[in-house]
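Data block below; observations after.
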Amino acid sequence: MPGPDSSGSAIGLGLPRAEDAELLNGSARFVGDLLPDGCLHLAFVRNREPHARLLGVSLERARAAPGVATALAAADLGPSSSMPSAPWLGLPEAFSRPVLARDRVRFVGEPVAVVVAEHRARGEDAAELAEVALEPLPPVLDPTEGADSASPRLFESESNVVLEERAGHEDAGAAVMNAPVVVEGTFRIGRLAHLSLEARAVLAVPEPRGGLTVWCSHQAPHRLRSGLAAALGLDAGLIRVRVPAVGGAFGGKSQTYPEYVLACRLALELGRPVRWVEDRREAFLAAVHGRGSNIRLRVGAARDGTLLALETAIDGDLGAYPETGALVPTFAAWLISGPYRIPRLSSVVRGVVTNKPPTAPYRGAGRPEAAYVLERSIDLLADRLRLDPGEVRRRNLIPADAFPYASPTGAVYDSGDYRRALDRALELAAYEELRRDEAWRLGDDLGGRVVRGVGMAVYVERSGGTSDLADYARVDLEPDGTLTIRSGACSHGQGHRTALAQVAAAALEVDLDRVRVVQGDTAEVSSGGGTFGSRSMQIGGAAVHLACCEFIALAIRRAAEALGTDRASLQYEGGMVRSAGTELPLEDLACRTGPLSAESRFSGQQAFPFGAYVATVDIDRETGAVRVTRLVAVDDCGVVVNPLLLEGQIQGSIVQGLGQALTEEVGYEPDGRPTTATLFSYVTPGPVELPDLVLDRTVTPNPNVPTGAKGGGEAGTIGAPPAIVNAIVDALRGYDTSVITMPVTPEVVWKALSSPRRVG
């Protein structure tokens, strides 16, 4: 592997991922590849009604089926068969999710029984023999409708509104209505499937003395260990969680699921390994979804486009059981002012349970929702005032000399130069030329068969997760001279083994070949926050850097003692301690003074990455088909550890943003039955749909971490959708664009093209 560059630092090198070789040659092992002797397999009997009373479950035929070890319903599990509630929500016990449904079912796909079999196929066949008696109840599908007191209740003794938060200025509503210009809109943000290449998977192996080794495709092994311990009534020290190769997560693998708890419980009770690997249909029906909210936004402005006030109300769809998705609407409200100066602002957030699977963070987690409704509203304002959308944004962006900047919601933006990013994106897109080129807009080069538009978006997001959640790192010098880095971050495809090694190699001034990264094993790494919220380089990388600094300080102390000299006369350089005429390599120092090891925990403040995106689109006049022809992305995530890895993250997130904008949504019939349970009905972008990508970046260091890094893994899901939809609306100028909503399918566009053209 290459060493540091001419500056002496491995930071900033665009190195290919060290972990890719085993993925490409097939030697990497996922949970689905692990099959210990005597392993049993789980198959679930899943509910088929959106909302119903559960009158009974008969499993006699299933238990008698060939190859079945046992089959269980909620009544067989005993009274303590609920998932631990999230203490940070502070909700009544009534909202706790049962491991298997009892008394009532609340979404299609909810598990009502489990079959344990010698082979997966046998278990699935037996699950079809279960008899489930249900009494249908009216479903609640929309969070705003569900918040109405007249709506059917999912939990008889409790309101469907499980949380409500208000923030900002009490007079913001009046300030909006008194403004010279008011624009408003109601935006529906549909649900998305996480759709990682590898679905959920768990393998529980019983160990002596009542312990468990749990292999799981997960983002946060220490969180999973705590969740399993609470659900099983075990000491966390008896559970070892190991995360092998993971085929993506995007926020959907950071929870403790009922299926995981059952696998562990049955492994303990039966004394045999138990495995469950989710299939794609289960992933659509029973796994968590992302997004899902109704957002009403009103903006008041002066006639020159200066923003004066903003008022928003967010109804978040939490699904049947409030879980980590309950945080997402509050994240959206926290960043609803985006990169703009808005003197008066207020927000109301309601989290509402519905008869759909629970929601969870999905790449971006609240930031895409906030950026979308705000950037669409800025374009509505520009259209009302007949001003250029770019100019309206320039007039309102927080200036570069205003940081740190306290937003009206209480977020303190660390650093930024938003106008520089916007100007760079517009320059790369040749925006001014496109605006002047009417022949381009009318598709003259294609015989007028298409209309064209250009749209933009400026966003600010947050990274690092909650500021009170620390991450852990440890550095150990091995006898062979290897420097082992143990990190509480947990990769699910980002390339941590490469990037964290670069952070360590830079801090320790050694070749990358000397650094080994260990993560994803609670027996090897004593604690850790996991990987989510784009926190790995910002928080995990800072922890590694600080652990390396502690390691260097320890080496100097030890060397001073061994050499009988003052510490001030010693310096660390290039993997050894030096003094006048003496060089003491780390390995020699360890031989003389004992093992060298240091650790660190780091939490740090939230960081606020940002960027500007510009999209161009072609729209077929006859079919309504939209093709994004070019997407310019200028992102700023502080100091970049590995630009090659960052580029891959941005490309991947842009594809997911493209999917949300044009094709992706988990759909339901009016009666609550899902319409997207396969990849035939849930359409994702493919290579043919990808636009010409122009990626660039500015660098505004994070002043609150030693590496200067901010998160960069979610940018495209935040910046791409509003830029694309704004471009579509721009192309459809003169038509009724009020019908435009994500995903902007050909049918949606065709409806707009079929509307009477506006005059003027």
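Computation of the quantities below employed the complete heavy-atom set of this structure, encompassing side-chain atoms and omitting hydrogens, waters and symmetry-equivalent molecules.
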Checklist entry - Does the cation-pi check pass for R376 over F187, that is, NZ or CZ under 6.0 Å from the six-membered ring centre and within 45° of its axis? => result no

Item to check | Geometric cation-pi criterion R106 and Y321, 6.0 Å radius, 45° cone | outcome: no

Presence of salt bridge, [Y] and [X], under 4.0 angstrom:
X: D736; Y: K751; value: no
X: R48; Y: E128; value: yes
X: D671; Y: R673; value: yes
X: R291; Y: E664; value: no

Checklist entry - Of all residues at least two apart in sequence or in a different chain, which pass the side-chain hydrogen bond (donor to acceptor under 3.5 Å, both in side chains) check with R191? => result H289, D317

Checklist entry - Taking only residues two or more places apart in sequence, or in another chain, which ones meet R53 in a side-chain hydrogen bond (donor to acceptor under 3.5 Å, both in side chains)? => result E135

Minimum heavy-atom distance [X]-[Y], with the two atoms named:
X: V57; Y: A113; answer: CG1-CB, 4.2 Å
X: P98; Y: E110; answer: CG-OE2, 4.2 Å
X: A723; Y: A457; answer: N-CB, 3.8 Å
X: L59; Y: A130; answer: CD2-CB, 3.7 Å

Checklist entry - Judged by atom type as modelled, is there a donor-acceptor pair below 3.5 Å linking the side chain of R97 to the main-chain atoms of P358? => result no

Next on the checklist: Could you measure the distance from the CG atom of L54 to the CD atom of E49? Nearest 0.5 Å is fine.
Outcome noted: 11.5 Å

Checklist outcome for this item: CZ of F107 to CZ of R46, rounded to nearest 0.5 Å, is 7.5 Å

Can a donor-acceptor pair be found between the side chains of [X] and [Y] at a distance below 3.5 Å?
X: E369; Y: S293; value: no
X: E60; Y: S58; value: yes
X: T717; Y: E714; value: no
X: Y257; Y: E259; value: no
X: H194; Y: R363; value: no

Item to check | Residues W276, L262; criterion side-chain contact (heavy atoms from CB on, under 4.5 Å); working and verdict | outcome: CA-CA 10 Å; W276 175 66; L262 280 168; over 6 Å; no

Checklist entry - More than 12 heavy atoms of other residues, nucleotides or ligands under 6.0 Å from CZ of R166: is that the case? => result no

Checklist outcome for this item: Test side-chain hydrogen bond (donor to acceptor under 3.5 Å, both in side chains), reference N294, set D315, D142, T186, output is D142

Checklist entry - Going by the angle between their ring planes, with limits at 30° and 60°, are H119 and H41 parallel, tilted or perpendicular? => result parallel

Checklist outcome for this item: Which of I189, I718, I295, N726 passes side-chain contact (heavy atoms from CB on, under 4.5 Å) with Y372? It is I189

Item to check | Side chain to side chain, L310 and I336, heavy atoms closer than 4.5 Å | outcome: yes

